[in-house]
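What follows is a short report on a single structure.
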Amino acid sequence: MQKRPAAGVLGSLPMSPVEATSESDTPGSDSAGSDFSGPDKPAHRYGVALAGEIEARWQQRWETEGTFHTPNPTGSLSGGFERFEGRPKAFVMDMFPYPSGAGLHVGHPLGYIATDVYARFKRMTGFNVLHTMGYDAYGLPAEQHAVATGQHPRINTESNVATMRRQLRRLGLGHDSRRSVSTTDRDFLEFTQRVFLKIFNAWFDPQATNRLGGLGAARHIDELRAQFIDRSRPTPDGRAWTELSVAEQRTLIDSFRLVYIDDVAVNWCPGLGTIVANEEVTADGRSDRGNYPVFKRSMRQWLMRITAYSDRLVSDLDLVDWPEPVRLMQRNWIGQSYGARVSFQVADSPARLEVFTTRPDTLFGATFMVLSPEHEMVSALTTSDKRADVLSYQAAAAGRTAIDRQSETKQKTGVFTGSYATNPVNGQQIPVFIADYVLMGYGTGAIMAVPSGDQRDFEFARMYDLPIVATILPPDVWFGEQGIESTLDCSKWKRAYSGDGVAVQSENESLSLNGLDKAAAVSAMTRWLEANDCGRGTVQTKLRDWLFSRQRYWGEPFPIVYDEHGPIALPDAMLPVDLPETDQFTPHTFDAEDASSEPQRPLDRLTEWKNPTIDLGNGPRAYIRETNVMPQWAGSCSYYLRYIDPTHVEGLTISENSDYWMGSTGVDLYVGGVEHAVLHLLYSRFWHKVLFDLGEVNTPEPFGKLLNQGYIQAYAFTDGRGMYVEATEVIERNGAFFHADEPVHREFGKIGKGLKNMVSPDDMYDAYGADTLRVYEMSMGPLEQSKPWDTRAVSGSMRLLQRIWRVVIDELTGEVRVTSDTPSADDQRTLHRTIAAVREALQDLRVNTPIARITELTNHLTSTYPGGAPREIAEPLVLMVAPFAPHLAEELWSRLGHAESLTYEPFPNVNSAYLVVDTIDVPVQVAGKVRAVLSVPVGCDAATLEALALADEKVKPFLEGKQVKKVIVIPGKMVNIVV
RNA sequence: GCCCGGGUGGCGAAAUGGCAGACGCAGCGGACUCAAAAUCCGCCGCCGCAAGGCGUGCCGGUUCAAGUCCGGCCCCGGGCACCA
C-alpha cells in the first residue's frame, strides 16, 4: 500500500540503513540530546536515559500482561470478553504499511501515534477497542530486490517486517499483537484466496433488489445456473440449458462472473518482460524503470467487474463520514455522465455505429462522426482508396502512448475512412473519420461530432472544412465576448458554444426541439430515440473493470486451475495455493523492440507446480494452474476482516465477531494517506459490497470514518553544484545557511535519504525517548495538515514531560512528592476546564490543542506548587497525558501507588460544579474597538452592564465629543458602544 | 483548462460571528553559577518616546461587531485532464 514511487525507490535498497543509523553516532543526538542527558543533572530528572529505561520496562510489561489483547465475543480470542459485555466497541485502524527496506522516518508514525492516542482515549472512556497493525508485504519492490540479490523475496520481506515491528514497538503503540498479520502469511494468503473465490463464484444481477433496497446485487453463481435450467432466464440463442454442451455452459456462466477473463489493452514492455501500469510509463512512451519502449497491446487478462457497482460506489459515499475531497475524487474517478447511446446506420451497409453523447439534444448538429483509430469497425468502414491513409494513421497512433497523445499540441489530426453514416434525425449522410482525439477506452470509442457545440469537434471541422450547424442559440453576451454580432451562421463563430440555451434548427416531421431549454430538449430527444429504436438514455462511466492479473512472482497465486473447457475454482479445502519455491523470480525479458513477444510469467517455468494432478470429485486428473498472480491491492482489500478473526479457519470470519466489530457503520476510524483516496479505498469498498450482497458482512461500507493525515516535510539543502548536503550538518548564521563554511541553498520537501534530510524515529528515541516523539508529533498541528519537521522544537515536548514528572516526583530523591492538600478552587477550576477541553478535542481527533491545555495545567501546578502538587490534581493530570505519553503516565501512576496499568482507568470526568465562577470579565468596545474590560458578577444584567460601561474611566475619553447612538449589550459576553 | 484544499508574528500554530496570536520553538532580559549548560522568572505582531495608530493574501459587501459570513480577484498546494 506504500505509495508507488516511494516503494519503488526505497524497496530496492539492499539492507535496512536504520539498523546502521541507530547504532552508529546519530546526527542531531549529540547537539540536541545532550541537553537532557548530561552528567550533572539531578539524579532522578526525567531525561532521555530515564525515559528509555521506563519505556523499555513498560513495553515489556504490556507485552507480558497482554494489556492490549482485545477479546472477541466468541471464538479463540474470546477470553476476557465478560469484562466488556454491554460496553460499546471501537475499531481503530491505520492503513497498513508496505515493509520497505529503508525503515521508517519520522513522518511515518504520525498516523500511527494519532490512532494510538485515540484508541487509548477510547479504552479509558469505556470502549472495547480493536487496534492492531499489519503489513502489506507482497509487491514489486521485494521482487526487484530479490532479482537484484538472488535472495528469495520472503527472506527480505520477513526481515523488513521484523525491523518495522521493532521500530513500532519502541513507539509504545497499544496494538493487539495477536492480530497483527502480514499479507504473505500462509493463513492470510488462504484468507485472500477465499475472498477471491467468493467473488469469483458470484455474478451481478442488475434486477435483484439489494439489501439497501436499491436495484442490483451480487448473487451466488449457482442461482444463475438455476435460472438457465428452469428457463426463467433464456440462453443467448434460446436453446435449452441441457442442449448446450458442457463447454458452452461453462463459457456462458463464466461470462457472467464478477471475475472473468477478457482481452484488454495493456502496456507491454518486452525489455522488462512485464506489463506495466499507466503510471509507470513516461511521457515519451518508455518504461519508468529501465527506459525500455512500451507498447499498447491487447492481451488476455483477468478482470474484476467493478463497473457493475458504479452506481452504488457513488451513491453509498453518502453513507460514510469521509473527507469531502476524497469523496469527490472517488466520484470523479468513477466519472458517471448521463446521456444517451445513439445508433447510426452506415450507408450501403447493414452495420450500425453506436456512440455515446451527453448532449443528445444537439443531434441535429451532428455533421460528421469520428472513431478512435483502434475501433473494431475501422477496417470494415475503410474504402479501398482510403486504406493506405487509414493504415498509416493507425500505425502512427499505435506507436504512441496515451500520455504521448495528450502531450501533443492541441492540433487535431485524423483521416477520412471513405464511409458515410446516416444521421437518424435528419437523414443526412455524414462522413466517418478516425482521429486519435477519440479514445477507445471511453464510451463506445466513437462519437457523433457536433462542431457547433464541442470545441474539439469545432477545431476538427475547421481543419477539414466540414459543415458546422448551430442547434443552440448562444446568448448575446457570448457573442459579445467573441466580438461578433449574434448569428446562427457558424462560419462567423470563433469557437464552439457548449453552454445552455434554447434549441434552434432542430426539427423533423415527428420531433421539434426548437424553443426548448437544454433539459427539456435532452429528454424530448431521448424519448424520440427510444421510440424510433435508434438510441436510449444511459449512464456512462469512466471507471473501467479492474485489471486483476500480474505477470510476476511475488504475489498471491490464483486458486484456479484449467481443464480443456476453461478455468475452475479450487474448493476451499484445497487452499491455500502456496506460492511455489523457486530461485528464478526474474521475469523473462525480450528484445526491447519486439512488440510481438509474449510474457513468460515466472510461475510458467515451474512445470511441476503448473501441471498438477488433482481430484476435484471425479477422480485424479491433470490440470493446468493459473500462473498469473494477484495485484498488490488484493491483500489490502479485506485485511480489516482478518484483524477481526486472525485465527479463524473456515469461511472468512465468525459472523458474530464481524457483526460485533463492524457494528452498523464499519470500521470506526481509518487513518491513512490521501494517496489511497481512490484505488485502495475503491477496490476495498467494491470487495466489501460483494461480500455484503452475499451476506458475509452486514455493513454496506467497510470504513465508516476516514481521516487523511498530512505529510511531515523537512528542509533540505543544496550546495553550489546543486548537490544535496546532509541537513543535520547545516548551520544557520544570520538567516543564511552554511555547510562546512560553504553557503548552501535551503529548500523544502519530503523527508528521505534522497534529499539527505532523513530523520529516523530511532534518532528521536535515542535523543529524547518515544514519549517525547509522540507528544511532539501530536502537538505540531492538526493531523490532516502537512507540516515541517523541526528537530529543535522537539525539546519543548521533552520539557513538558519533565515538568509533569516533577509535579509528581522529586528530582533529587526520586520520591513521590504529591501532597494530600486540598486543592484550591482555582486549581479545581483549571483542572476541570482542562478535562473538558481535552475530552472534547480528543472526541474529534484534534490532537494538538489538548497538549496545549495539558501544558497550561502543568504550568499552573509547577508555578503554584514548586514543592509538589495536590494528589487530587496530579492524578487526573497523569491520566490525561496517558494517551499521549503512555510510558511516562504508567510510571507515574504506578509510583502514585496504583498496582494496575492505567490502560482501562476511567478518563477524568468534568465536574461542572468546579466550572462555576462568580465573576467574569466583559470587554467593552467603543465603535468595535476594545477600550476596557469590566469585572462583573456572573448574571449581571444588561442595564447594569451598560451603566458600568458608560461610566468606565477608560471608556470615557473615547466618548468625549461624540454622540452615543446605541449600546449593544450581550450579557456575559460583550458591550459595544456605537458612536 | 476543470475540480478540491489552503494563505494569521521570525517559525509550528490557537480562536461556537464577540478581547486576534492560547500553547510551543527561536530570540531578548533577569535569577542561580567562578563560568557554562540545565532549571526557574520576565519580555516577545508591526509603527511610535508616548498617547495612540495599524494589523489574519488583496479589493469590496453584510453586521453594533468579521480571521470567521457573502461577492470578486491574487498566490501556494493537491487531484483530474481531448471523458464526447
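Numbers restart at 1 for each chain; the letters A, B, ... are given by sequence-line order, proteins then strands. Everything quoted here is computed from the prediction, not taken from an experiment.
- Gln540(A) and Arg341(A) share a side-chain donor-acceptor pair at under 3.5 Å.
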(message) Apply side-chain contact (heavy atoms from CB on, under 4.5 Å) to residues Leu800(A) and Thr858(A) and explain how you reach the verdict.
(response) CA-CA 8 Å; Leu800(A) 169 64; Thr858(A) 305; 3.9 Å; yes

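- Protein atom CG of Leu371(A) is 17 Å distant from nucleotide atom P of A84(B), rounded to whole Å.
- Phosphate contact (OP1/OP2 of A84(B), side-chain N/O of Ser337(A), threshold under 4.0 Å): present.
- Taking atom C1' in both C75(B) and C28(B), one finds a spacing of 34 Å when rounded to whole Å.
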Using the 3.5 Å cut-off, write out each protein N or O paired with an N or O of nucleotides 17-19 of chain B and the distance between them.
none

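- Partners of Asp500(A) by salt bridge (charged side-chain N to carboxylate O under 4.0 Å, His left out), not counting sequence neighbours, listed by chain and number: Lys518(A).
- A gap of 40 Å separates the P atoms of C80(B) and G61(B), to the nearest Å.
- Side chain Lys412(A) to base C82(B): a donor-acceptor pair is found below 3.5 Å.
- Distance noted for atom P between C43(B) and C25(B): 15 Å (whole Å).
- Residue contacts shown for Pro788(A) are limited to sugar-phosphate atoms, with no base heavy atom under 4.0 Å away.
- Counting any heavy atom pair closer than 4.0 Å across all strands shown, Arg803(A) reaches sugar-phosphate atoms only and no base atom.
- For the pair Ile920(A) and Val917(A), the minimum side-chain heavy-atom distance is below 4.5 Å.
- Side-chain atoms of Arg359(A) stay outside donor-acceptor range of the base of A84(B), with no qualifying N/O pair under 3.5 Å.
- Between Arg456(A) and C83(B) there is a side-chain N or O to OP1 or OP2 distance below 4.0 Å.
- In this structure, the side-chain hydrogen bond (donor to acceptor under 3.5 Å, both in side chains) partners of Trp789(A), at least two apart in sequence or on a different chain, are Thr791(A).
- In this structure, the side-chain contact (heavy atoms from CB on, under 4.5 Å) partners of Thr362(A), at least two apart in sequence or on a different chain, are Arg359(A), Met448(A), Val450(A), Thr471(A), Ile472(A).
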(request) Let me have RNA chain B in dot-bracket notation, would you? Count Watson-Crick plus G-U wobble pairs, both distances under 3.5 Å, and use [ ] for pairs crossing earlier ones and | for inter-strand partners. (result) (((((((..(((.....[....))).(((((.......))))).(((....)))..(((((..]....))))))))))))....

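- Rounding to whole angstrom units, CZ of residue Arg341(A) and C1' of A84(B) are separated by 12 Å.
- Every salt bridge (charged side-chain N to carboxylate O under 4.0 Å, His left out) that Asp790(A) has, sequence neighbours left out, goes to Arg792(A).
- Taking the six-membered ring where tryptophan is involved, the planes of Tyr464(A) and Phe460(A) are tilted, since the angle between them lies from 30° to 60°.
- Rounded to whole Å, atom P of A14(B) lies 10 Å from atom CD of Glu784(A).
- With sequence neighbours excluded, the residues satisfying salt bridge (charged side-chain N to carboxylate O under 4.0 Å, His left out) with Glu856(A) are Arg853(A).
- The C1' atoms of A31(B) and G17(B) are separated by 45 Å, rounded to the nearest whole Å.
- In this structure, Met798(A) atom CE and C23(B) atom C1' are separated by 19 Å, rounded to whole Å.
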(request) List the protein contact pattern of nucleotides 41-62 of chain B with one symbol per nucleotide (5' to 3'): B for base contact, S for sugar-phosphate-only contact, - for none; contact means a heavy-atom distance under 4.0 Å. (result) S----------SSS--------

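- A distance of about 34 Å separates the C1' atoms of A22(B) and G72(B), rounded to the whole Å.
- Arg806(A) comes within 4.0 angstrom of sugar-phosphate atoms only, judged by non-hydrogen atoms across all strands, and of no base.
- Take Val477(A) and apply the side-chain contact (heavy atoms from CB on, under 4.5 Å) test, not counting sequence neighbours, and it matches Pro475(A), Glu481(A).
- Using a 4.5 Å heavy-atom threshold, the side chains of Pro971(A) and Cys940(A) count as separate.
- A salt bridge is absent between Arg931(A) and Glu953(A): the closest approach of a Lys/Arg side-chain nitrogen to an acidic carboxylate oxygen does not fall below 4.0 angstrom.
- Rounded to whole angstrom, the span from the NZ atom of Lys787(A) across to the P atom of C11(B) amounts to 18 Å.
- Across G52(B) and G5(B), the matching C1' atoms stand 40 Å from one another, rounded to whole Å.
- Annotation: salt bridge (charged side-chain N to carboxylate O under 4.0 Å, His left out) contacts of Glu811(A) (sequence neighbours excluded): Arg45(A), Arg806(A).
- Residue order along RNA chain B, read from the 5' end via each residue's closest nucleotide, puts Ala793(A) first among Met329(A) and Ala793(A).
- Atom C1' of C54(B) sits at a distance of 15 Å from the matching atom of U8(B), rounded to the whole Å.
- Between Tyr776(A) and Tyr768(A), the distance from one ring center to the other does not fall under 6.0 angstrom.
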Contact list (N/O, under 3.5 angstrom) for nucleotides 26-29 of chain B vs protein:
| from | atom 1 | to | atom 2 | distance (Å) |
| --- | --- | --- | --- | --- |
| A26(B) | OP2 | Arg799(A) | NH2 | 3.4 |

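- Atom pair Glu856(A):CD and A15(B):P shows a separation of 12 Å (rounding to whole Å applied).
- Comparing G67(B) with G57(B), their C1' atoms are spaced 12 Å from each other, to the whole Å.
- In this view, Thr307(A) and Asp545(A) satisfy the side-chain hydrogen bond (donor to acceptor under 3.5 Å, both in side chains) rule, not counting sequence neighbours.
- Atom CD1 in Ile851(A) sits roughly 12 Å away from atom P in A14(B) (whole-Å rounding).
- Remark: Arg846(A) is not in phosphate contact with A14(B), judged by side-chain N or O atoms under 4.0 Å from OP1 or OP2.
- Side-chain nitrogen and oxygen atoms of Gln785(A) include none within less than 4.0 Å of the OP1 or OP2 phosphate oxygen of G6(B).
- Using a cutoff of 4.0 Å between basic side-chain nitrogens and carboxylate oxygens, Glu459(A) and Arg462(A) are not scored as salt-bridged.
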